[in-house]
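Since we're looking at a predicted model, the values are computed, not measured. All residue numbers in this chain count up from 1 along the given sequence.
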Amino acid sequence: MNQDPPVSPSDGPPSREGGGRDRPGGMDATGSGAAGDASGKSGAEHVEPSPPSGTDASPPSGTEPSPGSRKPRRLPQVTLPGCWGALVLACLSFTPSLLPRGGVLQGLICGITAAIGYGLGVLAAYVGRAFADRDPRTPSRRSWLVLLVCALALFGLSFGFGQYWQHEIRELMGVTDFNVLTVVACPFIAALVFWLLLLAGRGLRRVYHWAARLLGRWIGPRAARVVGWVLVAGLAWSVFSGVLLGGFVNAANEAFSVRDTETPEGVHQPTSTLRSGGPGSVVPWDTLGRQGRAFTGSGPSARDIGAFTHRTAQEPVRAYAGLSTSDDAESRAERAVADLERAGGFTRENLLVMTTTGSGWVDPAAVDSFEYLGNGDSATVAMQYSYLPSWLSYLVDQSKAREAGRELFDAVYDVWSKLPQDQRPRLYVAGESLGSFGGETAFSGEYDLRNRTAGTLFAGPPNFNTLFREFSDHRDAGSPEIEPVYKEGRTVRFTDDPTTGILPANQPWDGTRVLYLMHPSDPIVWWSPGLAFSEPDWIGERPGSDVLESMVWMPFVTFWQVTADLPFSTGVPDGHGHTYKAAYVDGWNAVMRPAGFTEPDLERLRDIIRPED
C-alpha cells in the first residue's frame with residue numbers, strides 16, 4: 001500500500017485535498033466504514049483510486065474539467081520553524097551597530113537577516129527530525145496563530161527599541177538627519193528583501209531537484225543528491241562572483257574611469273614648477289586623473305603657511321602620477337619619483353610618501369597638516385592605482401593597493417638612501433584606510449619601520465592590515481583592542497583622539513614614532529569575515545566613547561550590520577566613523593615633533609583643517 005510522500009521541510013502545511021493515508025479496519029478519511037451504500041453495492045465500487053505519487057491527476061483525454069475544478073495558483077508556502085527563525089533574527093537586526101542607520105538601510109539589513117534566520121530555522125527542524133527519526137508534521141492552526149501574535153508583539157517591540165538606539169547613536173555623534181518616511185518604510189522594505197531572497201532560494205532548490213533527477217539516470221540516488229548540491233552551489237557561486245560581482249565591478253570601473261577625466265570644480269592647473277602637471281613637470285596634467293589634479297592643484301601656499309606660523313615659509317612640493325601616466329605600478333612610481341626629484345623634493349627637510357585610497361584620493365587634511373607643521377619645508381609624493389572609490393577598492397582592489405604602496409616607497413627609498421646622510425630629508429610614511437594597507441606592505445615589521453623612516457601616521461587601518469593585526473593581536477596584557485599597547489609603546493602606538501593623550505603616557509617614546517589613528521565607531525577598522533562566527537575582543541571589552549554599551553555580538557547579525565556600515569562610514573561628523581580630519585593635526589604633531597607650536601597654535605590649525613559644520 002503506497003503512502004503519500006513526506007512533506008518537504010521548506011513547504012508549508014500540506015494540502016488536505018484528496019484524502020489521506022488508508023485507515024485501519026477499512027475506515028476512510030471521514031471515519032465511516034467502506035461496507036457499501038444504500039444501493040447495496042460495495043463502497044469500493046464507488047471510490048475512484050487516487051493517482052500514484054508523481055503522476056498527473058488531470059482528467060482523461062477527451063473530457064474537459066469544469067471551471068470550478070481548476071486549483072488556483074498559490075503563493076510559495078513557508079514552514080513554521082523557518083518563520084520562527086526569520087522572526088528571531090529579524091528582531092535582533094534592530095540592535096545597535098557602530099553607525100546610525102536610516103530606514104532604508106535598516107530594512108535591507110532586516111530582510112537579509114530574516115532570510116538567514118529562515119534558512120537556519122529550516123535546517124534546525126531538519127536536523128531535529130533526523131535525530132528523532134520522524135517525518136514532518138503539519139502544524140496546527142493554533143501554532144500559526146501563536147506565531148502571528150508573537151510576530152506582531154516581538155517585531156513591534158524590536159522596532160521601537162531600534163528607533164531608541166538609533167536616537168542614542170545620533171546623539172553620540174551629533175547627527176541631526178532623520179527621515180520619518182524611510183523609518184515607516186523600513187518593515188515593507190524588509191519584507192520585500194526577505195521575499196526576494198526566499199524566492200531565490202526556492203529557485204536554487206528547483207535547480208537542485210532537476211540536477212539530482214538528471215544525475216539519477218546514471219548514478220545512485222544518494223550520490224546524485226550530493227553531486228547535485230555541489231553542482232548547484234558551484235553554479236550559484238560562479239554566477240555571483242564571476243557574473244554579478246565581476247560585472248558590477250567592471251561596470252563601476254568603466255563609470256569611474258570616465259569620471260577620472262574630469263577636473264574638480266575650483267581646481268586649476270598649477271603655475272608652479274613645484275607641482276606635478278605644472279611647468280617643466282615630467283607628468284602631464286591630463287594624465288594625473290581627477291584626484292591627482294585635485295591634489296597638485298590645491299593645498300596651502302607659502303603665504304597661507306606663513307600666516308599660521310608667523311615665519312617665512314616655503315612653497316610645498318607635491319608630486320603625483322595617475323593611472324594614465326604609465327601602464328604599470330613600477331614605472332608609474334618611477335615617474336612620480338622622477339618628478340619629485342625634478343621639483344627638489346629630496347632637498348626639503350621633510351619628505352612624505354603617501355599611499356592613496358581607491359581612486360587616488362589623498363585626504364587634504366593629512367597632507368595640509370604635514371605642510372603647515374613643517375612650515376612648508378616639505379615634499380609629498382603619491383600615485384593612483386585604481387578608478388574605484390575607497391569602499392569598493394577596499395573590497396576588490398587590495399592587491400593593487402599592496403603593489404602601489406611597495407613600489408612607491410621602494411622607488412623613493414632607492415633615491416633617498418643614495419644621498420649623503422647629512423643631506424637626506426626626514427622620511428615619513430602615511431596612509432588612510434586602504435592607503436594604510438598599501439603603506440604597510442613596504443615594511444616587514446616594527447624594526448623595519450623604525451630603521452627606514454623618521455615616522456609613520458596611519459589612519460583608519462582596515463582589519464586585514466598585516467602589521468596592524470600583528471601589533472594588535474600581540475598587544476600587552478590588559479590593554480583593550482580599541483586602544484592597544486604594543487611593546488610598552490616603544491615605537492608603535494594607537495589612539496582614537498590624540499588631543500587626550502597617547503597611551504602609555506608614562507613610557508618614553510624615543511626615536512621613530514609610528515602612530516595609528518582609529519575610532520571605536522569606524523567599521524573599516526573592525527569589519528572582518530570572522531564577525532559572522534566569533535565574537536571579537538572589541539565588542540566584549542569596554543566600548544569606546546562613541547559606541548553604545550548595548551551593542552552586543554550575535555552570529556551572522558553583527559556581521560551584516562557592520563558590513564552595511566561600510567559604505568556610509570564617512571557620512572558622519574569628524575571624529576567618528578571613518579572621518580579623520582582634525583586628528584591629523586595632533587597626530588602629525590606627535591610624530592614629527594616640530595618645535596615652537598603651542599596648544600593655542602594647534603587649536604588654530606584644527607580650525608583651518610577641520611571641515612566647516
Side-chain angles (χ1 to χ4, degrees), residues 98-99 291 295 352-373 380 382 389-391 393-394 398 401 404-405 409 428-443 449 453 455-469 471-472 481-484 486 492-500 502-503 513-527 538 544-546 565-566 569-592 602 605-606 609-611:
L98 295 173
L99 301 178
Q291 300 298 342
F295 172 65
L352 173 61
V353 180
M354 189 81 184
T355 308
T356 64
T357 66
S359 57
W361 179 72
V362 177
D363 192 339
V367 179
D368 292 358
S369 300
F370 181 80
E371 294 171 343
Y372 274 107
L373 293 174
T380 304
S390 183
W391 68 270
S393 296
Y394 170 76
Q398 297 177 17
F409 181 83
Y428 294 93
V429 175
E432 180 176 327
S433 188
L434 203 58
S436 71
F437 171 74
E440 279 191 359
T441 57
F443 305 94
L449 283 165
T453 71
T456 300
L457 183 61
F458 289 139
N463 197 263
F464 52 73
N465 276 23
T466 304
L467 297 186
F468 169 65
R469 282 266 45 97
F471 301 147
S472 182
E481 190 175 12
I482 61 171
E483 198 168 14
Y486 179 75
V492 181
R493 297 195 179 187
F494 303 80
T495 184
D496 67 326
D497 185 2
T499 62
T500 60
I502 302 172
L503 299 177
R513 294 184 174 186
V514 177
L515 180 61
Y516 283 87
L517 302 174
M518 52 188 209
H519 297 146
S521 58
D522 187 351
I524 299 291
V525 176
W526 309 117
W527 180 90
W538 60 271
S545 58
D546 57 354
D565 287 336
L566 293 176
S569 57
T570 58
V572 291
D574 184 31
H576 305 284
H578 197 60
T579 306
Y580 300 87
K581 299 295 180 185
Y584 277 116
V585 173
D586 298 275
W588 277 125
N589 185 58
V591 172
M592 297 173 68
L602 296 178
L605 185 54
R606 291 186 205 111
I609 299 299
R610 182 183 293 116

In short, T499 meets D586 closest at the heavy-atom pair CG2-OD2, 3.1 Å

Y516 meets the ring pair (Phe, Tyr, Trp, His ring centres under 6.0 Å) criterion, sequence neighbours left out, with F458, F468, F494

T453 meets the side chain to side chain contact (heavy atoms under 4.5 Å, CB included) criterion, sequence neighbours left out, with F409, V429, F443, T456, T512

By ring pair (Phe, Tyr, Trp, His ring centres under 6.0 Å), Y580 pairs with (sequence neighbours left out) H519, H578

By side chain to side chain contact (heavy atoms under 4.5 Å, CB included), A366 pairs with (sequence neighbours left out) M354, D363, Y584

Sequence neighbours excluded, the answer for side chain to side chain contact (heavy atoms under 4.5 Å, CB included) partners of T495 is E483, P498, I502, L515, L517

Scanning both residues in full, the closest heavy-atom pair of L434 with T357 reads N-CG2, 4.3 Å

Sequence neighbours excluded, the answer for side chain to side chain contact (heavy atoms under 4.5 Å, CB included) partners of L99 is M173, S521, P523, D565, S569, V572

Value for OG (S369) from NZ (K581), rounded to nearest 0.5 Å, stands at 10.0 Å

All heavy atoms of P573 vs all of T579, minimum pair found to be O-CB, 3.9 Å

Between the CE atom in M518 and the CG atom in D497, the distance rounded to the nearest 0.5 Å is 13.0 Å

Shortest non-hydrogen pair, G455 vs V591, comes out as CA-CG1, 3.7 Å

Between the CG atom in D574 and the OG1 atom in T570, the distance rounded to the nearest 0.5 Å is 12.0 Å

Nearest heavy-atom approach of S436 to G460 is OG-O, 4.4 Å

Taking every heavy atom of A430 against every heavy atom of W588, the minimum-distance pair comes out as CB-CZ2, 3.7 Å

